[in-house]
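Note sheet for the following structure.
Order of the sequence lines sets the chain letters (A, B, ...), proteins ahead of strands, with each chain counted from 1. Computed from a predicted structure; not experimentally measured.
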There are 2 protein chains.
Amino acid sequence: MYGCAMATPQQRRAARHAPSDAPSATRKVPITADRITEAALEIVAAGGYDALTMRNVAARLETGPASLYAHVVNKADLDELLIGRLCSQIELPQPDPARWREQIADVCTQLRDQYLSYPGISRAALAIDVTDLDVLRVNEGMLAILIAAGIAPQSAAWSIDALFLYVGAYAMDIAVADTEADPDKQRFTTEHRSDLIARFESLPADRFPNIRTYATELTSGTAHSRFDFTLGLMLGSITPSTRPPR
Amino acid sequence: MYGCAMATPQQRRAARHAPSDAPSATRKVPITADRITEAALEIVAAGGYDALTMRNVAARLETGPASLYAHVVNKADLDELLIGRLCSQIELPQPDPARWREQIADVCTQLRDQYLSYPGISRAALAIDVTDLDVLRVNEGMLAILIAAGIAPQSAAWSIDALFLYVGAYAMDIAVADTEADPDKQRFTTEHRSDLIARFESLPADRFPNIRTYATELTSGTAHSRFDFTLGLMLGSITPSTRPPR
DNA sequence: CGTTAGTCACGAACACTGTTCTACACTACG
DNA sequence: CGTAGTGTAGAACAGTGTTCGTGACTAACG
């Protein structure tokens, strides 16, 4: 009586990783969770995370929004699929205790670049719990590197957590800075920077002495040197003897 | 012809910090940006950031949504006002070169607690640029501490940036974990933790060996020890001789 | 005192969002 | 051929942020 005939999206999610034994090609181009994920990623890459609406995804698949809900539970579920896809693209190295810092930094950089390829998607990444298998895979890979390097398990786990959070927040920061500079097509990042310096130097000198004098240092940091600096900051403190403060 | 009689919200924003020489009490309870900010903060404190809608704010002020737009440009502007208010509550210590790590950690902890008092508001904090005066005040205060400690200006600026990003991301993480555990009123955080351990240990052993064996370490970290650990991680690498890698 | 000007408030509406209900087409099987 | 079952959509609902135009009310001016 209460049972709907259609398989619930949850069941489809569970069976998603099962081998597709019989696609059976019922429709000409059947809608699958993979196609939805792909279309969604294209939309984000083109128009940013704000452009990611169910209607846009449906339109790109030439259908209505309701059709998506047979394969995706939620928009939150779609978000999870997206960052899962991103994480699945990341290559995890074989742990080498001699080069563990380099390896961790490499994974973080890969994650950062994945985020930056899809502007604003880090908002979804920060609003998700880490139960997704693909995300856990990256977590496992970084854990393996740190454990192999002799880091205490708890320090390793907490460090990975901190790194994840920072990478997401950094990508978010870059994304909002870019979208705010987007309307001003004329101004490049360098132009925008001189604007920022001017604003800093026009601050009241009695309340903001340091920001005024160090305006250039505050706004400097071309490319991702800020990112590399912070990674070095965090990785520098981690040593095989670093035990958690308990 | 094109000029509307009403003062634009931008003008009101500009004159916001001017001394209120003549409140003139025109209405019985006039709507001001301050009252809007206050009402918005109460809503977030009670129902989380998702409950912060213009209609909810207007309803709490016993008016319609349109009335808010005479004092606030945008919802993004409201967000900026909110985190500005949060930052204005933070007490900045007089820089003491001998205790600079302690002082920085204290400011970060204050910021974290402010965020956590208003669940989910860190989403707004991460999506904003740092042009707000109240945010810059905190930035200036931390910069003063680090400069007084003899840290190179660029290292200081980048470190502050990284700390800000991490605090925001951490608060966000806590908020989403809480809201997901909210429907299960019965389960406390500890109960939720055992759930997480069980899920980790039920992972396939061939693909997630480390997560399985260190499940307890991964989920441990009562209270804010994770937060303190990361702060120590970042502050530990900063030394008066730490120059940026350039 | 009467009139005008200016400011603010607010109801109604618009375009948009995520989501659900229901009916519809189509395949596979008995 | 008929029936069950599955995937597909159209239409609609409850919300969201935001704007337009009208209305009321205070303040100043002749």
TODO: Classify the side-chain pair A:T230/A:Y170 by whether it contains a donor and acceptor separated by less than 3.5 Å.
DONE: no
TODO: Give, ordered by number, those residues of residues 41-56 of chain A having at least one heavy-atom distance below 4.0 Å to an atom of DNA chain D; if nothing qualifies, reply none.
DONE: A:R55
Open item on the list: Please give me the minimum heavy-atom distance between B:I43 and B:A51, naming the atom from each residue.
Closed with: CG2-O, 3.4 Å
Open item on the list: Restricting to non-hydrogen atoms, name the atom on B:S88 and the atom on B:D134 that form the minimum distance, rounded to 0.1 Å.
Closed with: CB-OD1, 3.8 Å
- [ ] Could you tell me whether the phosphate oxygens of C:dA9, OP1 or OP2, come under 4.0 Å of any side-chain nitrogen or oxygen in B:H71?
- [x] yes
Task: Contact under 4.0 Å: A:N74 side-chain N or O vs C:dG18 OP1/OP2 - done: no
- [ ] May I have the step-by-step check of side chain to side chain contact (heavy atoms under 4.5 Å, CB included) for A:L52 and A:K75, ending in yes or no?
- [x] CA-CA 10 Å; A:L52 180 63; A:K75 186 172 187 296; 4.2 Å; yes
- [ ] Can you sort out which residues in residues 60-68 of chain B have a heavy atom within less than 4.0 Å of DNA chain D? Ascending by number, please.
- [x] B:P65, B:A66
TODO: Ignoring the backbone of A:Y69, work out which of C:dT19, D:dG17, C:dC10 is nearest its side chain.
DONE: C:dT19
Task: Separation of atom CD1 in B:I36 from atom P in D:dG17, rounded to whole Å - done: 13 Å
TODO: Applying salt bridge (Lys or Arg N to Asp or Glu O under 4.0 Å), name anything that partners B:E38, two or more places apart in sequence or on another chain.
DONE: B:R85
Open item on the list: Suppose we screen for salt bridge (Lys or Arg N to Asp or Glu O under 4.0 Å). Which residues come up paired with A:D50, at least two apart in sequence or across chains?
Closed with: A:R123
Open item on the list: Strictly by salt bridge (charged side-chain N to carboxylate O under 4.0 Å, His left out), give each pair with a member in residues 52-65 of chain A just once, sequence neighbours left out.
Closed with: A:E42-A:R60
TODO: Report the distance from atom NZ of B:K75 to atom C1' of D:dT19, rounded to the nearest whole Å.
DONE: 18 Å
TODO: List in chain and number order the residues that pass salt bridge (Lys or Arg N to Asp or Glu O under 4.0 Å) with A:R112, two or more places apart in sequence or in another chain; answer none if no residue qualifies.
DONE: none
